[in-house]
Amino acid sequence: MEFKVTHRCHTTRARVSRMVLAHGETVLPTFMPVATQAAIKGLTPEQVESLGITLILNNTYHLNLRPGVDVLKAAGGAHLFEGWRHNMLTDSGGFQLVSLSKFTTITEKGALFSSPFTGESTILTPEESISIQHAIGADIIMQLDDVGDLLQGPRVEEAMERSIRWLDRCIQQHESSGQKRTQNLFAIVQGGLNPSLRDKCLDGMLERKDRVSGYAIGGLSGGEEKDVFWRIIKQCADKLPEDRPRYAMGIGFAEDLLVCVALGIDMADCVFPTRTARFGVALTHTGPMNLKLGKYAKDFDTIDTMCPCLTCRDGTSRALLHHIVTHETAAAHALTIHNIVFQAQVMGQARDAIIAGTFPDYLRSFFASYFGDRGYPEWCVAALRSVGVDLLENSNIPMVSGGGAKWEYSDAA
């Protein structure tokens, strides 16, 4: 990996970086669409490429179950198997050990789980996770971590300490494999919502800095309070090294992405934009648009007249999408294209603003457009103030308590 910071925001901790991997260059900060089963649902690799995406995520747990390592090896790796020519990151399977916890038992050796498809029992060890990711051939691979299914309590400390021990085993497997030149191992910082445990994990993983290519912040986006979420992100980003990429796992809401970028995060991923598209929701600069609602039945505007995506550019109306959404696959396809482009725009405009020296202005403009009708979430105000940007300065938009996630639940919304 070649990683170089090229521009920094003069106020916040945001930065633009150039990351060169075996399958090309990706400019950071960026959002990674998730191709869980070796495909972004509804889109071909060529369509994803045409949207300007250069880094996607594949799911190690699922690809190990289906099609399996033997098929991936025979195909020459996941890039050739799925027809993707650009960069790829694989998770380690650690998150699935929580999301599918009823199938899983964690021990020091690894995770014993039953296949949700066949019921067959198998064990995923740190070494096996790395070997599977080697077979997938991802440009960035993640350590197997013990995420833990709780955010507080003794289980969190146990999971954090085990994640450090498992990192050592992942490093050993990776370094002995001969894959280190083309595949780059990232460590995952755990510790739940406990700042002291996060610090302890950071200290342990920073001791191994020379043996990893980057760092991820895991164990968040699990329903924790937003005011806690941003403080954990900031604590970790402040301590992680300047010469390594920083990856916030499972982050997908637009406001979360921009707060994370302002706090120094380079990469993020989430199923949110593609999954919400399949439920009929378009992401826009004024908030999510629930096209299932009756108020769009006679709305012949495009989703966003300023959006460059194919769906908006071709004039597909909100009324048509309302008519076919959740009934015809064409609607999911159209909304998936739009939502991926929206995420790319949010991050691309952030990069442009950092380079131009106007990132604080971009934050104020985006948040005013996005939350102007309801008020700035208190946590967003606090998070951005921590890096020198005050959304309330010279603004008549109020501050409101709560998480602030916008959603249209009814036609009155």
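Given the structure is predicted, the values throughout are model-derived calculations rather than measurements.
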CG (Asp256) and CG (Leu258) are apart, to the nearest 0.5 Å, by 9.5 Å
For Glu108 and Trp166, the nearest pair of non-hydrogen atoms, with its separation, is O-NE1, 3.0 Å
dist Gln345:CD -> Phe366:CZ (nearest 0.5 Å) comes out at 10.0 Å
Between Lys292 and Glu408, does at least one N-O distance fall below 4.0 Å, as a salt bridge requires?
no
* State whether the number of non-hydrogen atoms from other residues, nucleotides or ligands found under 6.0 Å of Lys109 atom NZ is greater than 12. => no
Problem set entry | Heavy-atom neighbours of Arg208 CZ exceed 12 at 6.0 Å | yes
Q) Less than 4.0 Å between a side-chain N and a carboxylate O, is that true for Arg211 and Asp168? A) no
Review point. Just by distance, with hydrogens left out, do Asp139 and His79 show a side-chain donor and acceptor under 3.5 Å apart?
Key: yes
Practice prompt. May I ask you to check whether over 12 heavy atoms, not counting those of Glu225, lie within 6.0 Å of atom CD?
Written response: no
Heavy-atom distance under 4.5 Å between the side chains of Ile164 and Met205, does that happen here?
yes
### Query
Taking the side chain as C-beta and beyond, is there a heavy-atom pair between Ile171 and Val212 under 4.5 Å?
yes
For Gln133 and Ser129, does a side-chain donor sit closer than 3.5 Å to a side-chain acceptor? yes
| query | Can a donor-acceptor pair be found between the side chains of Ser163 and Gln143 at a distance below 3.5 Å? | reply | no
Mind checking whether Met32 and Val34 have side chains closer than 4.5 Å, heavy atoms only? no
In His174, Arg169, Gln173, the residue satisfying side chain to side chain donor-acceptor pair (under 3.5 Å) with Glu127 is Arg169
**Message:** Tell me whether the rings of Phe359 and Tyr362 are parallel (<30°), tilted (30 to 60°) or perpendicular (>60°).
**Reply:** tilted
Exactly one of His23, Glu46, Glu49 clears side chain to side chain donor-acceptor pair (under 3.5 Å) with Arg85, and that residue is Glu49
Side chain to side chain contact (heavy atoms under 4.5 Å, CB included) assessment of Met347 paired with Val261: CA-CA 9 Å; Met347 299 299 261; Val261 169; 3.8 Å; yes
One should read off an interatomic distance between Met88 CE and Leu55 CG, to the nearest 0.5 angstrom, of 9.5 Å
Show your reasoning for whether side chain to side chain contact (heavy atoms under 4.5 Å, CB included) applies to Leu51 and Cys309. CA-CA 8 Å; Leu51 304 180; Cys309 83; 5.7 Å; no
May I have the step-by-step check of side chain to side chain contact (heavy atoms under 4.5 Å, CB included) for Asn59 and Asp91, ending in yes or no? CA-CA 6 Å; Asn59 187 290; Asp91 61 6; 3.2 Å; yes
With distance as the sole test, does Asn87 use its side chain to make a donor-acceptor pair with the main-chain N or O of Gly24 at under 3.5 Å?
yes
When every non-hydrogen atom of Ile340 is compared with those of Pro33, the smallest separation belongs to CG2-CG, 4.2 Å
- Evaluate the side-chain proximity of Cys307 to Thr302: yes if any heavy-atom separation is below 4.5 Å, no if none is. no
Pair Thr274, Thr336: side-chain N/O donor-acceptor within cut-off below 3.5 Å = no
On a heavy-atom basis, the closest approach of Pro245 and Leu28 is CB-CD1, 4.5 Å
| Do Leu89 and Asp269 touch side chain to side chain, with heavy atoms closer than 4.5 Å? | no
Check whether more than 12 heavy atoms from other residues, nucleotides or ligands sit under 6.0 Å from atom NZ of Lys209, and answer yes or no. yes
Apply salt bridge (charged side-chain N to carboxylate O under 4.0 Å, His left out) to the pair Lys200 and Glu161, showing each step before the final yes or no.
-> CA-CA 9 Å; Lys200 186 175 180 181; Glu161 291 176 341; 2.9 Å; yes
Between the CD1 atom in Ile355 and the OG1 atom in Thr6, the distance rounded to the nearest 0.5 Å is 6.0 Å
With no hydrogens and no angle check, just 3.5 Å: does a side-chain donor-acceptor pair link Tyr296 and Asn290? no
Exercise. When you check the gap from the basic side-chain N to the acidic O, do Arg244 and Asp266 get nearer than 4.0 Å?
Worked result: no
Quiz prompt | Side-chain (Thr311) to main-chain (Ala334) donor-acceptor, under 3.5 angstrom | solution = yes
_Set out, in order, the CA-CA distance, both residues' side-chain angles and the distance that settles salt bridge (charged side-chain N to carboxylate O under 4.0 Å, His left out) for Arg155 and Asp146, then state yes or no._
CA-CA 10 Å; Arg155 176 71 180 94; Asp146 184 357; 2.8 Å; yes
Q) If we only count heavy atoms from C-beta on, is the Ile56 to His86 side-chain gap below 4.5 Å? A) no
message = Tell me if the NE2 atom of His10 is crowded by more than 12 foreign heavy atoms within 6.0 Å.
response = yes
Kindly determine whether Asp70 and Lys73 satisfy salt bridge (charged side-chain N to carboxylate O under 4.0 Å, His left out), including the steps that lead there. CA-CA 5 Å; Asp70 290 343; Lys73 286 181 177 178; 5.6 Å; no
Yes or no on salt bridge (charged side-chain N to carboxylate O under 4.0 Å, His left out) for Glu242 and Arg13, after CA distance, side-chain angles and deciding distance? CA-CA 11 Å; Glu242 287 289 318; Arg13 297 203 70 228; 2.8 Å; yes
Donor-acceptor contact below 3.5 Å, side chain Ser369 vs main chain Ser365: no
(Q) Under a 3.5 Å distance rule, please check whether His62 uses its side chain to pair with a backbone N or O of Gln37 as donor and acceptor. (A) no
Hey, can you tell me if Trp407 and Phe272 have their rings parallel, tilted or perpendicular (30° and 60° cut-offs)? tilted
(message) Just so I know, are the side chains of Ile132 and Leu124 near enough to count as touching, which here means a heavy-atom distance under 4.5 Å?
(response) yes
Please answer whether the main-chain N or O of Gly403 pairs with a side-chain N or O of Trp379 as donor and acceptor at a distance below 3.5 Å.
yes
Separation between NZ (Lys180) and NE2 (His134), nearest 0.5 Å, reads 11.0 Å
pair Met19-Ile140: side-chain heavy atoms closer than 4.5 Å
yes
ask   = Counting distance only, does the side-chain N/O of Asn58 pair as donor-acceptor with the main-chain N or O of Ala35 below 3.5 Å?
value = yes
Next on the checklist: Show, in sequence, the C-alpha distance, side-chain angles and deciding distance for Val147 and Gln190, and conclude whether the side chain to side chain contact (heavy atoms under 4.5 Å, CB included) test is met.
Outcome noted: CA-CA 7 Å; Val147 180; Gln190 291 291 348; 4.0 Å; yes
So CG of Leu206 and OH of Tyr215: to nearest 0.5 Å the spacing works out to 4.5 Å
Between Cys170 and Leu144 the two heavy atoms that sit nearest each other are SG-N, 3.4 Å
Taking Ile303's backbone N and O only, do any of them form a donor-acceptor pair with Arg318's side chain (distance below 3.5 Å, no angle check)? yes
Taking Lys406 for the side chain and Tyr370 for the main chain, is one N or O donor matched with an acceptor at less than 3.5 Å?
yes
Closest non-hydrogen contact found for Val259 with Ala383 is CG1-CB, 3.7 Å
Discussion item. Quick one: does any side-chain atom of Arg385 pair with a main-chain N or O of Asp390 as donor and acceptor, under 3.5 Å?
Written reply: no
**Study point:** Donor-acceptor pair, side chain of Arg198 and main chain of Val189, under 3.5 angstrom
**Key:** yes
